[in-house]
Colleague: 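Below is a structure I'd like to ask you about.
FYI, side chains are in, hydrogens and waters are out, and symmetry mates aren't considered; it's all heavy atoms of this structure. For clarity, every value in this text was computed on a predicted model and none was experimentally measured.
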Amino acid sequence: MATKDDFLIDLLVDMGQVTQEQLDGAREMAGLSGEGVVDTLVKQGILQPIDVTRASATYFGAEMVELTGMRLSDDIIALIPRHLAKKYNVVPIGKNDSGGIIVAISDPSDLEAIDSLRLLLHADVEVRVAAASEIEDAIERYYGSADNSLGKMIQEITEGEIDIGGPGGILAAADDGSVVDADAPIIKLVNSIIVDAYKSRASDIHLEPMAKTFRVRYRIDGNLHEVKGPPKRLQATVITRLKIQSNMSIAEKRIPQDGRIQMNIAGKSLDFRVSCLPTTHGESIVMRILDKEGIKLGLAELGFLTDDQQVFERLISLPDGIVLVTGPTGSGKTTTLYACLNYINRPDRKIITVEDPVEYVLSGINQVHVNESVGLSFSMALRAILRQAPNIIMVGEIRDLETASIAINASLTGHLVFSTLHTNDAPSAVTRLIDIGVKPFLVATSARAFMAQRLVRKICKKCTAPARLTEHERQVLQIDEATEAAGNVQLGKGCPNCKNGYRGRIGIFEIFQVGDVARKLIYEKLSASVLRNKARELGMRTLREDGIRKVLAGMTSAEEVIQTTVSELEQ
C-alpha cells in the first residue's frame, strides 16, 4: 500500500488535487491509524474516490471509461464468469482486434488481478479504468449481487444450481389455470422480477423475446433500463406463468391479449395491467405497475408552480363546463385527472367516471368500466350516467364524435366534465374537436380550459449541486446569462438514490383558458397555428416556457426540457 500511495501522492500533488499542508496532516493521521495516506485523504473528504481513480489511470497511461452510459450485450458479459468479475471487481466491456478481452477495473495497479485474469481466461486482457462505484453498479446490473434475490436466482438457474424441469411441467398448473405449487422455482423467479421492478421504482416491466436472448427492461422515470434477464430457454415458461396469473388463455398465442394481476408487495396492494403481443421470436409481455399511492398526489406534487396551481384549482372548482387535458400516451394525463377528482371529491358532490380500463379504484367515486364486447361503449355509458344525476363526470378519453357530443352537451346542462385528448399542445385540442365533427360554437360555449402536459425527470435531491447551462442550452432555451445567474440551475451528480442524477418525474404544463376573446377566436374556426399565437398573446405560457421556469428553479435540467418540448419556431 505504501508503494501505491507514494506514486499516487506525487501525481495528486502535481495535479493540484492535494496541498502540502493537507498532505502533512494526512500523513500524521495515517501514522496513528495505520491506514494509507491516500485512504486517509479520501476519508477526510479532501479527495474523492474518482480523483484517485483518475490519477491511477493517468499514471498507468490507461483510458478512463464511463460505464453508466454503456449497454453491454450478453455476449460481452459472458466473456468473464460472475465469480471472477466479483472476485477481481472487473467488468468486460468488449474485445479488441486481436481477440483479447477489454475489461474495466478501478485499480490499474492491481497487476496480480490482471495477471490472474489472463491465466484463468486463457486470453490477453486489455485494461480500461472506471470508477469503483460504476463497476459495482455494473456487476449488480449484469450479474446480480448476492443481496439481489432476482440476480441470484437467475444466476443459479443459469448455472444449473436450481432445477427448473422440462417445458410443460415446470409451472405445476392445473387444467383450470390454478397454480398448485407456490414454491416452484419458476413462480419464485417471476415474482422476483416483479418485486425487483417495484423496488427499482419502475412504472413498466418489459419482457421481450429476442432472437437469442430474453430481454427484460424496466421503465424508470420514463427511460428504459435493461436488467439481467432469465435464460432464453425459460422464455416460454415465464410468459406462460404470467398469462396464467393475468387470466389469459395459455393456449392462444396468435392474437394479442390483455389481463390484470393483483399482488401485495411490502405491505402495499398493487395492480398490474398486462399486455401480451405475439412477435417474431415469441410473445412479448408488458406490465404496467399501477401504484395507488400515485393518485393521492396533490396538485403541487404533480409539478404545478404556485400561479398555475391557483389557476387550475379555480378551473376544476367551476360548477359546469368541460376541462380537457391533452398530451401523448404516457404524459401523465390520467394521474392529473385522478388528482383533480381527489381535490374536488366531497360528500356533497356525486362524481362518476367512465374509463377504459378503470386503472385505480377511488373511494367515494362511482367508476364505470367500458366493455365494448358487451356493447358498453363510452357513449352508451355516458348516456346512462346522465340519468344518475352526477355533479362531476370524468370521461377517460374522447375518441369519437358521439362521445364528444354527449360530453359537451353534459357540460352545457350543468355538469363539470373532465376528459383527455391526444394532441401535441393545448390550442390543438380545439381544432381536434372541430375535426371530429363538433360544431365550433359548441366548443366555444362549453370549454373552460385546455391543458397540455408532458413529464420531465426531477433532479435527485440527495446529489443535487449548482450547475451552469452550456452555451447551446442557453441559445436553444433563449436564456441570457443574467437570467441564469438570478435563477438556481442545478444538476444531479448521480448517487445510489437515483438514476444518473434524476429521481422521479414532474409535469410541465400549458394552460389555455377560454375567456370571451378566446371564445370568439374558436367560433371563427381559426387554424391551430393562428389560434396558438393568439392564445400566447392572451397570456398562455407554453410547455417550453413552463419547463424553463422549472430549470431556473432547480427542479429539472435544461437537457430534459429541450428533449421533451419544441420551440415556437419548430411548430
Colleague: Stepwise, does the side chain to side chain contact (heavy atoms under 4.5 Å, CB included) test hold for K333 with H422?
Modeller: CA-CA 10 Å; K333 301 187 298 297; H422 288 282; 3.7 Å; yes

Colleague: Can you name the nearest heavy-atom pair linking M248 to C276, along with the distance?
Modeller: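 It is SD-CB, 3.7 Å.
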
Colleague: Grab the two heavy atoms, one from L469 and one from V551, that are nearest each other, plus how far apart they are.
Modeller: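 Residues L469 and V551, closest heavy atoms: CD2-CG1, 4.2 Å.
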
Colleague: Given the rule in the side chain to side chain contact (heavy atoms under 4.5 Å, CB included) test, do R260 and Q262 qualify, once you have shown the distances and angles that lead to the verdict?
Modeller: CA-CA 7 Å; R260 292 178 82 98; Q262 286 188 320; over 6 Å; no

Colleague: Does a side-chain heavy-atom distance below 4.5 Å link L433 with L324?
Modeller: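 Contact flag for L433/L324 side chains = yes.
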
Colleague: Could you state the interatomic distance from OG (S200) to NE2 (H225), rounded to the nearest 0.5 Å?
Modeller: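 So the OG of S200 and the NE2 of H225 are separated by 9.5 Å.
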
Colleague: Could you report the tightest heavy-atom contact between P209 and I239, atom names first, then the distance?
Modeller: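 Looking at all heavy atoms of both residues, the shortest contact is CG-CD1, 4.4 Å.
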
Colleague: Is the backbone of M210 close enough, under 3.5 Å, to the side chain of T213 for a donor and an acceptor to pair up by distance?
Modeller: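 Between the backbone of M210 and the side chain of T213 there is no qualifying donor-acceptor contact (under 3.5 Å).
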
Colleague: So, taking the atom named SG in C463 and the one named NZ in K461, what distance separates them when rounded to the nearest 0.5 Å?
Modeller: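 Result: 12.5 Å between the selected atoms.
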
Colleague: Can a donor-acceptor pair be found, under 3.5 Å and without considering hydrogens, that links the side chain of S419 to the backbone of V395?
Modeller: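 It does hold such a pair.
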
Colleague: Of the non-hydrogen atoms in Y218 and A202, which two are nearest, and what is the gap between them?
Modeller: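 Residues Y218 and A202, closest heavy atoms: CB-CB, 3.8 Å.
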
Colleague: Should the pair E208-R217 be classified as a salt bridge under the 4.0 Å nitrogen-to-oxygen rule?
Modeller: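 A salt bridge is present here (some side-chain N lies under 4.0 Å from a carboxylate O).
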
Colleague: For K520 and D516, run salt bridge (Lys or Arg N to Asp or Glu O under 4.0 Å): C-alpha distance rounded to whole Å, both residues' side-chain angles, the deciding distance at 0.1 Å, then the answer.
Modeller: CA-CA 6 Å; K520 185 174 183 297; D516 291 338; over 6 Å; no

Colleague: Any sub-3.5 Å donor-acceptor pair from E484's side-chain atoms to I479's backbone N or O?
Modeller: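 No: the side chain of E484 does not pair with the backbone of I479.
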
Colleague: Taking C-beta and beyond as the side chain, do V216 and P230 meet within less than 4.5 Å on heavy atoms?
Modeller: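 Touching, per the 4.5 Å side-chain cut-off.
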
Colleague: Hey, does the side chain of R349 reach the backbone of I344 with a donor-acceptor pair shorter than 3.5 angstrom?
Modeller: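 A pair under 3.5 Å: yes.
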
Colleague: What side-chain donor-acceptor pairs closer than 3.5 Å can you find for residues 486-493, not counting sequence neighbours?
Modeller:
residue : atom : partner : partner atom : Å
N488    : OD1  : Q490    : NE2          : 2.8
Q490    : OE1  : T464    : OG1          : 2.8
Q490    : OE1  : A465    : N            : 3.4

Colleague: With no hydrogens and no angle check, is any side-chain donor or acceptor of Q453 less than 3.5 Å from a backbone partner on G327?
Modeller: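 Answer holds: no.
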
Colleague: Charged N to carboxylate O under 4.0 angstrom, R273 versus D258?
Modeller: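 D258 and R273: not salt-bridged.
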
Colleague: Looking at every non-hydrogen atom in both residues, tell me the closest pair between L477 and A558 and how far apart they are.
Modeller: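 The answer is CD1-CB, 3.7 Å.
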
Colleague: Are there over 12 heavy-atom neighbours, none belonging to K253, within less than 6.0 Å of that residue's NZ?
Modeller: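 Open: at most 12 neighbouring heavy atoms sit under 6.0 Å from NZ of K253.
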
Colleague: Report yes if some heavy atom in the side chain of I351 is under 4.5 Å from a heavy atom in the side chain of F418; otherwise report no.
Modeller: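 In short, these two side chains do not touch, never coming nearer than 4.5 Å.
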
Colleague: Can you check whether H281's main-chain N or O pairs, donor with acceptor, with Q235's side chain at less than 3.5 Å?
Modeller: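 Judged by distance alone, yes, a pair lies under 3.5 Å.
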
Colleague: Just by distance, do the side chain of N345 and the backbone of S363 share a donor-acceptor pair under 3.5 Å?
Modeller: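 Yes.
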
Colleague: Taking everything shown except N424 itself, do over 12 heavy atoms lie less than 6.0 Å from its CG?
Modeller: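 12 or below, so no.
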
Colleague: Please tell me if the side chains of L305 and M555 come closer than 4.5 Å, counting only heavy atoms from C-beta onward.
Modeller: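 Yes, their side chains come closer than 4.5 Å.
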
Colleague: Hey, are the side chains of L538 and Q513 touching, using non-hydrogen atoms and a 4.5 Å cut-off?
Modeller: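 Result no, sub-4.5 Å side-chain heavy-atom pair not found.
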
Colleague: Applying side chain to side chain contact (heavy atoms under 4.5 Å, CB included), run through R549 and D307 and close with a yes or a no.
Modeller: CA-CA 12 Å; R549 294 202 303 164; D307 53 350; 3.0 Å; yes

Colleague: Can you find a pair of side-chain heavy atoms, one from M540 and one from P427, that are under 4.5 Å apart?
Modeller: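 With C-beta onward as the side chain, the pair touches.
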
Colleague: CD/Q478 to CD1/I548 distance, rounded to the nearest 0.5 angstrom?
Modeller: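 Result: 7.0 Å between the selected atoms.
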
Colleague: Got more than 12 heavy atoms from elsewhere within 6.0 Å of NZ, K525?
Modeller: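 Result for NZ/K525: open.
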
Colleague: Are any of the side-chain heavy atoms of R519 and T445 separated by less than 4.5 Å?
Modeller: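 No, their side chains stay 4.5 Å or more apart.
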
Colleague: Is there a salt bridge (Lys or Arg N to Asp or Glu O under 4.0 Å) between K199 and D196? Walk through the geometry before answering.
Modeller: CA-CA 5 Å; K199 288 181 178 179; D196 183 59; over 6 Å; no

Colleague: So that I can tick it off, tell me whether D221 and K458 are bridged by a salt bridge, with the cut-off set at under 4.0 angstrom between side-chain N and carboxylate O.
Modeller: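 Salt bridge: no.
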
Colleague: List the steps and the verdict of salt bridge (Lys or Arg N to Asp or Glu O under 4.0 Å) for E559 and R457.
Modeller: CA-CA 10 Å; E559 180 186 17; R457 290 183 291 174; 5.4 Å; no

Colleague: Has the side chain of T413 got a donor or acceptor atom that lies under 3.5 Å from a matching backbone atom of A410?
Modeller: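 Checked: pair present.
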
Colleague: Any donor and acceptor pair, going by atom type alone, linking the side chain of S428 with main-chain N or O of A528 inside 3.5 Å?
Modeller: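 No.
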
Colleague: For residues Q309 and E313, is any side-chain donor paired with an opposing acceptor at under 3.5 Å?
Modeller: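 Result is yes, a qualifying pair exists.
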
Colleague: Apply side chain to side chain contact (heavy atoms under 4.5 Å, CB included) to the pair I406 and L386, showing each step before the final yes or no.
Modeller: CA-CA 9 Å; I406 299 170; L386 288 175; 4.0 Å; yes

Colleague: Roughly how far, to the nearest 0.5 Å, is the CD1 atom of I322 from the OG atom of S446?
Modeller: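 Answer for the OG-CD1 pair, S446 versus I322, is 5.5 Å.
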
Colleague: Identify the two heavy atoms, one from I398 and one from L421, that lie closest to each other, and give their separation to 0.1 Å.
Modeller: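 It is O-CD2, 3.5 Å.
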
Colleague: Does E252 use its side chain to pair, donor to acceptor, with the backbone of R254 at less than 3.5 Å?
Modeller: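 Confirmed, E252 side chain pairs with R254 backbone.
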
Colleague: Can you tell me how far apart CD1 (I289) and CD1 (I261) are? Round to the nearest 0.5 Å.
Modeller: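 CD1 of I261 is found 10.5 Å from CD1 of I289.
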
Colleague: Which pairs count as ring-ring contact (aromatic ring centres under 6.0 Å, His included) when at least one residue sits in residues 195-214, sequence neighbours excluded?
Modeller: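 For residues 195-214, and leaving out neighbouring residues, there are no ring-ring contact (aromatic ring centres under 6.0 Å, His included) pairs at all.
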
Colleague: So do I316 and I392 actually touch side chain to side chain, heavy atoms under 4.5 Å?
Modeller: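 The answer is no, as the side chains (C-beta and beyond) never meet within the 4.5 Å cut-off.
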
Colleague: Is there a salt bridge (Lys or Arg N to Asp or Glu O under 4.0 Å) between E560 and K550? Walk through the geometry before answering.
Modeller: CA-CA 11 Å; E560 278 292 290; K550 286 161 186 171; over 6 Å; no

Colleague: Drop me the distance from D204's CG to I220's CD1, to the nearest 0.5 angstrom.
Modeller: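 Reported value, rounded in 0.5 Å steps: 10.5 Å.
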
